[in-house]
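Here's the structure, in structure tokens; my notes come after.
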Amino acid sequence: MGLDLKPLVTPASLKLPELTGKVVAIDAYNTIYQFLSIIRGPTGEPLANSKGEITSHLSGLFYRNANLLGDNIKLVYVFDGKANELKMAEIQRRSQLKKEATEKYQLAVEEGRIEDARKYGIRTAVLTDKMVEESKKLLSYLGIPYIQAPSDGEAAAAYLTRRELAFAAASQDYDSILFGAKKLVRNLAISGKRKVPNRNVYIDVEPEIFEHDKVLQEIGLTHEQLIDVGILIGTDFNPGGFPGIGPKTALKLIKENGKLENVEKIKHLLPKMPYQEIRDIFLKPEVPKVDRIDFGEVNREKVLDFLCVDKSFSADRVSSTLDKLQKSIANRSQSLEQWFG
DNA sequence: CACCCTAA
DNA sequence: TTAGGGTGG
């Protein structure tokens, strides 16, 4: 279920123009997984090409990136590497949930319960190695660089903000804050419409930004203490956290006691928990070797060939999106030439 | 999710 | 111009 810091931190609203000219390091798995879950037909089936290969992730990546690039936002995608041993329990838990959702989904489809089919279909999304390769391919055709993280993508994205190679990290998860991202952007999207789970209702979801310094100031803790709060609530490395302790209680306990070791009511549980190792995952994560990020250019032919020939996208739609993008890029360099040329 | 068309 | 609903693949 991830790290639930939401009740403890207050976002500032963010308008996309504020990111103009800035580098944003995107949590690739988080983003692609979101597309795979949400971009589906009415009965919960993902988009697919004529060969039956899923294309939801490519649709999401193409249209969103085209828009963000058109707004002159510089993107770098960060892919997860090898998962930490401590994450295995969470990975298995998720895979079990998917298995259950898949059974419910198939039953709902057979019985013609369309809304249920959609609800469960969303939970069945599995991100395969092939999809990752296809995503990287599309990114490279769009001129968008990507970085392969040695372990957690969020840790690598946070590192890029620390190195000032990126202005912000973008992810839906709050882990980036524990990894020390200077800034975290959530809801980085074009349309603000988002489906609320379990209901056929759409609400406006605005992009929001969290600044690391302000977060610590707001809750009155050090970074190390915030990590302890996270461990109490539960992270990917200790799913569920400690029984009976939610975000509010966790914050109270660390404020009163300073650190995990001093919290009386969990003293009997601490020895069974590798909390020092988890602290180190957040404080001293493995990070990629990066000194600079090279931004590329759109390769129109490759994009068209890949999406329209290979993946059955509509040539009209793809080329008109590319037209729009290339036009805004051309306008940009033209206005630069007026100043400097 | 994002696009596109239609209605008001 | 904006809101709502269907469609994309």
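Per chain, numbering begins at 1; letters A, B, ... match sequence-line order. Values in this document were obtained by computation on a predicted structure and should not be read as measured data.
The residue A:Pro42 sits apart from the nucleic acid: no heavy atom pair falls under 4.0 Å.
Distances shown here put a side-chain N or O of A:Arg64 below 4.0 Å from the OP1 or OP2 atom of B:dA2.
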Write down the protein N/O and nucleotide N/O pairs, taken from nucleotides 3-5 of chain B, whose separation is under 3.5 Å; answer none if there are no such pairs.
residue : atom : partner : partner atom : Å
B:dC3   : OP1  : A:Asn67 : ND2          : 3.0

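A:Asp175 pairs by the salt bridge (charged side-chain N to carboxylate O under 4.0 Å, His left out) definition with nothing, not counting sequence neighbours. Looking at residues two or more places apart in sequence or on another chain, you find a ring-ring contact (aromatic ring centres under 6.0 Å, His included) between A:Phe282 and A:Phe179, A:Phe237. Residues that satisfy the salt bridge (charged side-chain N to carboxylate O under 4.0 Å, His left out) test with A:Lys289, not counting sequence neighbours, are absent from this structure.
When rounded to the nearest whole Å, the span between CG of A:Asn49 and C1' of C:dT7 equals 17 Å. What separates CZ of A:Arg118 from C1' of C:dG8 is a distance of 12 Å, to the nearest Å. The distance between atom CD1 of A:Ile39 and atom C1' of C:dG6, rounded to the nearest whole Å, is 15 Å. With rounding to whole Å, A:Arg40 atom CZ is found 18 Å from C:dG6 atom C1'. The distance from atom CD of A:Glu134 to atom P of C:dG9 is 15 Å, rounded to the nearest whole Å. Following rounding to the nearest Å, A:Ile38 (CD1) and B:dA2 (P) show an atom-to-atom distance of 11 Å.
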Donor-acceptor contacts under 3.5 Å from residues 35-46 of chain A side chains, at least two apart:
residue : atom : partner  : partner atom : Å
A:Ser37 : OG   : A:Tyr33  : O            : 2.9
A:Arg40 : NE   : A:Leu36  : O            : 3.0
A:Arg40 : NE   : A:Ser37  : O            : 2.9
A:Arg40 : NH1  : A:Gly44  : O            : 2.7
A:Arg40 : NH1  : A:Gly121 : O            : 3.3
A:Arg40 : NH2  : A:Leu36  : O            : 3.1
A:Thr43 : OG1  : A:Glu45  : OE1          : 2.7
A:Glu45 : OE1  : A:Thr43  : N            : 3.4

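Using a 4.0 Å cut-off between charged nitrogen and carboxylate oxygen, A:Lys267 and A:Glu264 count as a salt-bridge pair. In summary, A:Asp27 and A:Arg186 do not engage in a salt bridge, as defined by a charged side-chain N under 4.0 Å from a carboxylate O. Between A:Lys15 and A:Asp71, none of the side-chain N atoms (NZ, or NE/NH1/NH2) sits under 4.0 Å from a carboxylate O, so this pair counts as no salt bridge.
For residues 283-303 of chain A, no residue pair satisfies the ring pair (Phe, Tyr, Trp, His ring centres under 6.0 Å) rule, not counting sequence neighbours. Pairs engaging residues 43-82 of chain A under the ring pair (Phe, Tyr, Trp, His ring centres under 6.0 Å) rule: A:Phe79-A:Tyr146 [sequence neighbours left out].
For DNA chain C, the neighbouring residues in residues 306-313 of chain A, judged by any heavy atom under 4.0 Å, are A:Lys311, A:Ser312, A:Phe313. Taken residue by residue, residues 53-62 of chain A places heavy atoms nearer than 4.0 Å to DNA chain C at A:Thr55, A:Ser59.
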(request) Taking Watson-Crick and G-U wobble pairs with both distances under 3.5 Å, convert DNA chain B into its dot-bracket string, 5' to 3', dots for unpaired and | for cross-strand pairs. (result) ||||||||
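Hydrophobic side-chain contacts under 4.5 Å tie A:Met88 into a cluster, directly or through other members, with A:Ile91. Hydrophobic cluster membership of A:Tyr105, counting Ile, Leu, Val, Met, Phe, Trp and Tyr whose side-chain heavy atoms lie under 4.5 Å apart directly or via other members: A:Val109, A:Tyr120.
A distance-only check finds no donor-acceptor pair linking the side chain of A:Asp294 to the backbone of A:Pro145 [under 3.5 Å].
Tracing side-chain contacts under 4.5 Å through hydrophobic residues (I, L, V, M, F, W, Y), one reaches A:Val229 starting from A:Leu270; they form part of the same cluster.
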